[in-house]
Amino acid sequence: MISPPIADGLNEKQQQSVVLSEDVNALILAGAGSGKTRVLTHRIHYLVSEKNHHVDDILAVTFTNKAANEMKERLTNLLRQPIGRMWVGTFHSLAHRLLRTHPLEVKLSPTFQILDSQDQFRIVKRLMKENGIDETKFPIRKVQWFINQQKDEGILPQNIDAGYNFFVKQSAKVFDLYEKHCQANDLVDFAGLLVKSYELLKNNQNLLDYYQKKFCHILVDEFQDTNRIQYQFIKILHNQNNHVFCVGDDDQSIYGWRGARVENIQKIENDFKPIIVIKLEQNYRSTGNILSASNALIAKNQNRLEKSLWTESGDGDLINIFNARTETQEAQYVVSEIENHFNQGKNLSECAILYRSNAQSRVFEESLIKRNINYRIYGGLRFFERAEIKDAMGYIRLAENISDNIAFERVVNFPTRGIGISTIEKIRSHAVENHTDLFQSSIAIIESLPARAGNALQGFIHLIEALIDSTKNLTLSEKVDSTLLQSGLMTHYANDKTDKAGSKRENLDELVTAAKQYVHENESEMNETQGFIALATLDSSGESNQSSQESVQLMTVHSAKGLEFPVVFLVGLEEDLFPSRQSKDEPHLLDEERRLCYVGMTRAMQSLTLSYASRRFLHGQSFYSLNSRFLDEIPKSFLNYIKNPNSDYTTTAYEDVKSSPQKMVSTLSSSIYSIGQVVNHAKFGHGTILNYEGSGDSMRLQIKFQKAGTKWLISSYAKLEIV
DNA sequence: ACCAGGACAATTTTT
DNA sequence: TTGTCCTGGT
C-alpha cells in the first residue's frame with residue numbers, strides 16, 4: 001500500500017498509525033518500548049512527503065526539551081530538509097513563542113521576562129513578608145506549590161473557594177498578590193506561559209482562527225502527562241478542520257502529583273470526535289521475562305486502558321531479587337554486579353541504578369568511588385540554575401533589558417559593592433511610587449542618598465552603562481566573556497579561597513562555551529541575546545546533546561522515563577520507600593507508585609535486578625523495613641532469588657522482630673545489654689541505652705550520653721562498661 | 001559584610 | 001544524616 005521509506009522498518013500497527021486518514025483524530029496507546037517516537041516522527045514525515053503538507057502546517061508538542069530535541073533531530077534526518085522554525089517544542093516553549101509574537105494582546109510588553117521557580121520563590125517570600133503572613137505557619141514552598149497547582153488547573157485567585165480552610169484562604173490571598181505583582185512587573189511564570197497563551201487564543205477570535213487554520217495537524221507526545229491547562233490549550237486549537245494525533249500510555253503516567261491528569265487520555269475520546277484508537281503492543285526493548293513480570297505488576301492497577309505488551313525476543317534471564325541486610329550491603333552488591341557486567345564486556349554506560357528518591361544515591365556513590373568506577377548522577381541543580389550562572393545571566397539580562405528588575409536585584413550588590421538593604425529599599429519604593437524600573441529609580445534617588453551609598457550605587461550604574469556600551473557590537477559569546485570580566489564575577493571567584501570557587505569558575509567558563517554553541521534562529525521574535533536568555537530559563541539543563549560517557553547512570557525512576565538500559569538495578573524496593581510512605585494509604589497514589597515501579601522495570605532490556613534492604617538508615621535514623629508489596633505482586637516464576645552470603649537472618653526472622661517490639665527486647669536480653677541500662681564509654685562518659693539493632697558482633701547500640709548527645713555505636717568496638 | 005551555629009525538614013521534577 | 005535557611009554576633 002505505501003511505499004518505503006515511510007513504511008520502512010515499521011510493524012503493521014505502527015504503519016497503520018502513520019498513514020491514518022487525515023480526516024480523523026487519533027489516539028495511539030503506545031506501550032513501553034513500542035516505538036512511539038518513531039510513529040510520531042514518521043507520521044510527520046508521511047504528512048509532509050505524501051500529503052504535501054508544509055512543515056509549518058504542523059504543531060508537535062512534547063513535555064521535555066530532551067524529547068523535543070530528539071524529535072527535531074530525527075525529523076531533520078527523516079525529512080531531509082531543514083525544519084528551521086517548525087513548531088516543534090515543549091508546551092512551554094511553544095506557548096512562549098506565541099506570547100512573544102502577541103505580547104500586547106495579553107497585556108505584556110515585548111520584553112516581558114520569564115520567572116523560573118527560584119525567582120518565583122523569592123517573590124512569594126517577599127510578598128508574604130510584606131503582608132505579614134507568617135511563614136512558619138504557611139511555608140513558602142507550600143504556598144508556591146499551591147499557586148502553581150491552581151495555575152496548572154487554570155484557576156484564578158478570585159475563583160478559589162477557600163471555605164474554612166485557613167491555609168487555602170491565606171494562600172489564595174498570596175496568589176492574588178502574586179498575580180498582581182507579576183502583572184505589574186511584566187513577569188510570567190512557567191504555568192503563566194500556558195495560562196496566558198490559552199487566554200490569548202480564547203479572547204482573540206481572529207488569532208484563534210488563524211492558528212486553527214495554520215495548524216492542520218497537532219501532534220502531542222506523552223499525552224498522559226498533560227495537565228488541565230495543557231489539555232485546554234490543545235482543545236482550543238482544535239476545530240472541525242484540523243486534527244490531533246496523540247500518543248501516550250496511561251500505564252506510564254507518573255506525574256499526577258504535578259497536575260498531570262491521566263483522565264485526559266480517556267477524555268480525549270469524547271472531546272475529539274471522530275477519533276481512532278490504535279494500540280501499539282509489540283515491545284522492542286525487553287526480554288520476555290522482564291516484560292511478563294512488568295505486565296503482571298501493572299495488571300494490579302484498576303481503571304486501565306488495558307494493553308498487553310508482547311515481544312518476539314526470547315524469555316531471557318529471570319529477574320534477580322536481592323535482599324540486602326542494609327542499604328550499604330545493597331550498594332555493595334549492586335556495584336559488584338556492575339563490576340561483573342563490566343568484566344564480561346559490558347560498557348559502564350549500559351548499566352543504570354534507579355531509585356525512588358534522590359537521597360538513596362549516596363550509598364551507591366560511595367561504593368562506586370571505593371571501587372573506582374565512573375558514574376554519572378542525574379538530578380540536583382542544573383546548569384542554568386546554579387547561583388554563579390544565574391548571577392552572570394543577571395548581568396547579561398540587565399544589560400539587554402535595563403528594566404529587568406529581577407536581574408537588577410540579583411546583581412546590584414553581587415559581588416558586594418556596598419549597596420545595602422536600606423538603599424535597595426529606597427530604590428524599590430521609589431520605583432513603585434513612580435511606576436518605573438529599579439534602574440531608573442537608582443539614577444533618580446542617587447542625590448538623596450548618603451555619600452557612601454550614593455557612590456556605591458553610582459559605581460553600579462556606571463558599570464552597567466559601560467557594560468551595555470562596550471558589549472553592544474560583540475558576538476554573543478564575546479559578550480558573555482566580557483560580561484564575566486567587567487562585572488567582577490571572575491575576580492570575585494579568583495579571590496575566593498573556598499573549595500567551591502574552582503568549580504564555579506569552571507562553570508562560568510562553561511557559560512561562554514554554552515553561548516558559543518547556542519544556535520539562534522534568525523526569524524525569531526527575539527534577538528540572539530534574548531533567545532539565549534529565554535533558553536536559559538526554559539531549558540535549564542544546559543546540555544547540548546552530549547553523549548553520555550563511560551559511566552554508570554544513577555537517577556530516580558522518574559528521570560529514567562523514556563530511557564532504556566541493557567542492565568538495570570531497581571533498588572530500595574521496600575514498603576514506605578517504594579511505595580513511598582506518603583502514597584501507600586491512598587489508592588490512587590499507590591497506583592501511581594505501581595506505575596512508577598512499572599516504568600522502572602520496563603527500562604531494562606536484558607538484565608533486571610530488584611533489591612531491597614531489611615534495615616535502612618534514613619534521615620539519620622535506622623529503620624527496619626519490609627520488602628515492597630510490588631515484589632509480592634510479581635509471580636515467582638519470573639524471579640530468581642539471590643542468596644545473600646552475609647545475611648545473618650532470613651526475611652521471616654526479621655519480620656518477627658519488626659512486627660513485635662517486645663521481641664526486640666527479648667532478643668536483646670539474651671545479650672549483656674538491655675534498654676534503659678546505664679553504661680560508661682571511654683570517651684563519651686555515662687549514657688543510657690535507648691535502642692539497639694542487630695545482634696552479636698554487628699550489634700549497634702543507640703546511647704544517649706549525658707554530655708556527648710545520642711549516638712549509635714557498634715557494641716564490639718565501643719568497649720562499654722555496664723554501670 | 002561575613003560567619004558560625006541553631007532550627008527544621010527530608011518523594012518524585014519540568015518548564 | 002544531610003542540606004538549607006535564618007539569626008545573631010562580631
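Sequence lines set the chain letters: A, B, ... in the order given, protein chains first and strands last, and positions in each chain run from 1.
- Taking atom C1' on both dT14(B) and dG3(C), the two are 23 Å apart, rounded to the nearest angstrom.
- Computed from coordinates, the Asn495(A) CG to dA1(B) P distance equals 17 Å when rounded to whole Å.
- The phosphate of dT15(B) has OP1 or OP2 within less than 4.0 Å of a side-chain N or O from Asn65(A).
- For the pair Phe190(A) CZ and dT15(B) P, the interatomic distance rounds to 8 Å; values are reported in whole Å.
- Nucleic acid contact class of Gly418(A) (heavy atoms, under 4.0 Å, all strands): sugar-phosphate only.
- Between Asn413(A) and dA1(B) there is a side-chain polar atom (N or O) within less than 4.0 angstrom of OP1 or OP2.
- Counted within 6.0 Å of NZ on Lys426(A), heavy atoms from surrounding residues, nucleotides or ligands total more than 12; the atom is thus considered enclosed.
- Residues satisfying the ring pair (Phe, Tyr, Trp, His ring centres under 6.0 Å) test with Tyr493(A), not counting sequence neighbours, are none.
- Between the NZ atom of Lys66(A) and the C1' atom of dT14(B) there is a distance of 12 Å, rounded to whole Å.
- A donor-acceptor contact shorter than 3.5 Å links the side chain of Asn301(A) to the backbone of Asp591(A).
- Going from the P atom of dT13(B) to that of dT4(C) covers 16 Å, rounded to whole Å.
- If you take CG of Asp119(A) and C1' of dT15(B), they are 13 Å apart, rounded to a whole angstrom.
- With rounding to whole Å, Leu193(A) atom CG is found 13 Å from dT15(B) atom P.
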(request) At under 4.0 Å between heavy atoms, which parts of nucleotides 7-13 of chain B does protein reach? Answer with one letter per nucleotide, 5' to 3': B base, S sugar-phosphate only, - none. (result) ---BBBB

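- Along DNA chain C, read 5' to 3', the first and last nucleotides having any atom under 4.0 Å from a heavy atom of chain A are dT1(C) to dC6(C).
- Ring pair Phe460(A)/Phe408(A): centre-to-centre distance below 6.0 Å.
- Taking atom OH on Tyr378(A) and atom P on dT14(B), their separation rounds to 13 Å, with Å as the unit.
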(request) Could you check Arg228(A) against Asp152(A) for salt bridge (charged side-chain N to carboxylate O under 4.0 Å, His left out), going step by step and ending with a plain yes or no? (result) CA-CA 6 Å; Arg228(A) 204 159 138 214; Asp152(A) 282 342; over 6 Å; no

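- Rounded to a whole Å, the CD1 atom of Ile229(A) is 18 Å from the P atom of dT15(B).
- The 12-atom threshold is not exceeded at NZ of Lys66(A), counting heavy atoms of other residues, nucleotides or ligands nearer than 6.0 Å.
- Going from the P atom of dT12(B) to that of dC5(C) covers 16 Å, rounded to whole Å.
- Of the listed residues (Phe578(A), Tyr378(A), Tyr255(A), Tyr355(A)), just one forms a ring pair (Phe, Tyr, Trp, His ring centres under 6.0 Å) with His558(A), and that residue is Tyr255(A).
- Among the candidates Thr62(A), Val61(A), Thr64(A), the single residue satisfying the side-chain contact (heavy atoms from CB on, under 4.5 Å) test with Asp221(A) is Thr62(A).
- Rounded to whole Å, atom P of dC2(B) lies 13 Å from atom CD1 of Ile421(A).
- In this structure, Arg100(A) satisfies the cation-pi test against Phe112(A), with its NZ or CZ atom closer than 6.0 Å to the six-membered ring centre and inside 45 degrees of the ring normal.
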